[in-house]
Amino acid sequence: MTDIRIGGKTAGEWEAEFPLLQELISTREVLWLNSRYEAFESGNKQMSINESDIRDAEERLRRFARYIRKAFPETERSEGIIESRVVPIPSMKQALEAMADQTMDGRFLLKCDSHLPISGSIKARGGIYEVLKHAEDLLLQHRLLTVNDDYSVLARDYFRNFFARYSISVGSTGNLGLSIGIISAKLGFQVTVHMSSDAKQWKKDLLRSKGARVVEHSSDYSAAVEQGRRQAESDPDCYFIDDENSRHLFLGYSVAALRLQKQLEDLNITVDEDHPLFVYLPCGVGGGPGGVAFGLKWVYGNHVHCFFAEPTHSPCMLLGMMTGLHDNVSVQDFGIDNVTEADGLAVGRPSGFVGRTIEPFLSGIYTVNDDNLHQLLRGMADTENIRLEPSALAGVYGPIQLLTAPAGKQYLNRHALEDKLKNATHLAWATGGGMVPEVIMDEYYRKGLELSL
Ligand SMILES: *Cc1c(COP(=O)(O)O)cnc(C)c1O
């Protein structure tokens, strides 16, 4: 192990440079602060993505709203806009305070992407967006539609037959596959989902019932993505959705920030210099939390503080950003096994595109162990009657880390936030759970219950 080089250095050399690495390797919970974090200035960045791209994505989703409404009647009430609620979780806040033996000033909110229509996870943002974008590109290219048309016509057989000539492929631990599979099959595309070994059986069954082809792999997420990529390379009519590098996925996620801004206004919640907003986002390969965080920085600038959350056994983004190696490093390179019950987060190698894009914007990343995820899962069900999958609880742990870890206190001090905490809003992004079958959810719950006895 000692003489194997990772990005030009031995593991020992990396550990000497980043003492936190030892704790990471021994899978202890940590909070890492991003040393490349900068004050937000929209003007002076040579960014490859900017606010007009986010607005463009938002408009595209609006163009498709009439189709979505027609194709998915559960979006009737939101008029074809796929959005989730933001809810205060005061009882969970008390439970968290008891769990950490720490008082928590300010408000605690939950963003319920777990209950997004159509696919019940944050992937109903990016995943669906990218398929719609691809569908629109094809239609415009073949002059079958203009952007001023009523897109509800896409539900007609004529268009389904058109899309049937094309295919879509994706690699996934589960939820991205669900999103892509459901929307692609609904439009009429032939869709193949390459599933990693940790993908749950019920997700495969559900996808097949919707008409998607599911290919099961005995390897992990990165290998499943690779298979999807290879399938598309050999077929010009096959479009590959690249979870590791996609700008479209990223933009689909980022639209959430514009929607959240409106929702907080409706709740009379102020975010400004004296009212900081802390957002905690579960992170797998990075696209979901990265896109949302990126959008939030455009909306709130320095008043929002974004933290990612990863399982102690899959801290890929932390490793990639801390070392600066991004996608040139995997958790396995450092002997970390990438085994976690939080299957949406079971990713060993981060997106380099996301890591580099959010480098100046992200405040930090913390890790949380599976036992705590299960206990929080049980707590959320008991106190708020909200059922989430284990991955989604990673964000809920955020305030504990920020308020109790030495690095958290350092962050608050450095940014002069201590006196503002009583006016603060803490928002945990609940990324999934809405489609988990009840028997599986009961198992998660029981596990949490056993752990807290
Ligand atoms: C995919 C997913 C995430 C993280 O999104 P990435 O884009 O992989 O970082 C978090 N939670 C759940 C439930 C997910 O399915």
Side-chain angles (χ1 to χ4, degrees), residues 84 110-116 118-130 170-181 193 195-196 198-200 203 220-222 224-225 241-254 256 279-295 306-311 314-318 320-321 327 338 340-355 357-358 362 365 368 373 376-377 387-398 428-436 440-441 444:
S84 70
L110 192 71
K111 179 63 176 156
C112 300
D113 276 10
S114 46
H115 293 79
L116 275 173
I118 304 180
S119 71
S121 81
I122 189 171
K123 305 301 193 305
R125 297 185 185 279
I128 290 178
Y129 173 76
E130 181 154 3
V170 65
S172 169
T173 62
N175 287 341
L176 184 65
L178 276 183
S179 253
I180 305 280
V193 180
M195 290 278 209
S196 53
D198 42 16
K200 299 282 187 273
K203 293 185 182 175
D220 83 349
Y221 162 85
S222 307
V225 171
I241 294 190
D242 188 349
D243 198 16
E244 290 174 330
N245 292 296
S246 170
R247 182 185 150 91
H248 302 308
L249 278 177
F250 190 84
L251 285 170
Y253 291 121
S254 72
V279 182
Y280 309 99
L281 298 141
C283 178
V285 72
V292 172
F294 185 80
C306 300
F307 290 87
F308 286 179
E310 297 189 297
S314 308
C316 67
M317 188 60 79
L318 200 170
M321 289 188 77
D327 53 343
N338 190 28
T340 168
E341 273 288 320
D343 49 338
L345 312 180
V347 177
R349 186 183 298 276
S351 162
F353 155 67
V354 172
T357 304
I358 57 163
L362 188 67
I365 305 179
V368 47
L373 293 179
L376 291 166
L377 185 150
R387 297 191 158 227
L388 303 175
E389 62 181 279
S391 297
L393 277 307
V396 178
Y397 200 59
W429 213 277
T431 45
M435 293 192 96
V436 178
I440 311 267
M441 193 56 90
Y444 292 148

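Everything numeric in this text was worked out from a predicted model, so none of it was measured. Counting begins at 1 with the first residue of the sequence. Both ligands and their constituent atoms are indexed starting at 1 by order of listing.
A donor-acceptor contact under 3.5 angstrom links the side chains of Tyr221 and Asp243, judged on distance only. Using a 3.5 Å distance cut-off with no hydrogens or angles, the side chains of Asp113 and Thr431 do not pair a donor with an acceptor.
Polar contact with ligand 1: absent for Ile122 (N/O pair, distance under 3.5 Å). Residue Tyr253 places no N or O, backbone or side chain, under 3.5 Å from any N or O of ligand 1. The N/O atoms of Gly432, backbone and side chain alike, include none that comes under 3.5 Å of an N/O atom in ligand 1. For ligand 1, the polar-atom distance check against Gly286 finds a nitrogen or oxygen pair separated by under 3.5 Å. Considering backbone and side-chain N/O of Val285, one or more are found under 3.5 Å from N/O of ligand 1. Residue Gly284 has at least one nitrogen or oxygen atom sitting less than 3.5 Å from a nitrogen or oxygen atom of ligand 1, judged on distance alone. Of the polar atoms of Asp243, none of the N or O atoms is found under 3.5 Å from an N or O of ligand 1, judged by distance alone.
Using a 4.0 Å cut-off to heavy atoms of Ser391, the atoms of ligand 1 that qualify are 11 (N), 13 (C). Here is the list of ligand 1 atoms found below 4.0 Å of a heavy atom in Cys283: 9 (O). Heavy-atom contacts of Thr431 reach the following atoms of ligand 1: 10 (C), 11 (N), 12 (C), 13 (C) (cutoff under 4.0 Å). Below 4.0 Å from some heavy atom of Gly288 lie the following atoms of ligand 1, by number and element: 6 (P), 7 (O). Numbered from 1 in the order shown, with element, the atoms of ligand 1 that lie under 4.0 Å from a heavy atom of Lys123 read 1 (C), 2 (C), 3 (C), 5 (O), 14 (C), 15 (O).
Residue Phe353 holds its CZ atom at 10.0 Å from CD1 of Ile358, rounded to the nearest 0.5 Å. The distance from atom CD1 of Ile118 to atom CZ of Arg125, rounded to the nearest 0.5 Å, is 12.0 Å. Note: Ser121 OG to Lys203 NZ = 7.5 Å, rounded to the nearest 0.5 Å.
Asn338 places a side-chain N or O within 3.5 Å of a backbone atom of Val347 that can act as its donor or acceptor partner. Using modelled atom types, one side-chain atom of Lys111 and one backbone atom of Ser84 make a donor-acceptor pair closer than 3.5 Å. Using a distance-only test at 3.5 Å, with no hydrogens or angles considered, a donor-acceptor pair links the side chain of Glu310 to the main chain of Met317. A donor-acceptor pair is defined here as one N or O able to donate and one able to accept, closer than 3.5 Å; no such pair exists between the side chain of Thr340 and the backbone of Pro311. Ser114 places no side-chain N or O within 3.5 Å of a backbone atom of Gly433 that could act as its donor or acceptor partner.
Counting heavy atoms under 4.0 Å from ligand 1, residue Leu249 does not touch it at all. Under 4.0 angstrom from ligand 1, the non-hydrogen atoms of Asn175 all belong to its side chain.
Using a non-hydrogen distance threshold of 4.0 Å, Pro289 registers as a contact of ligand 1.
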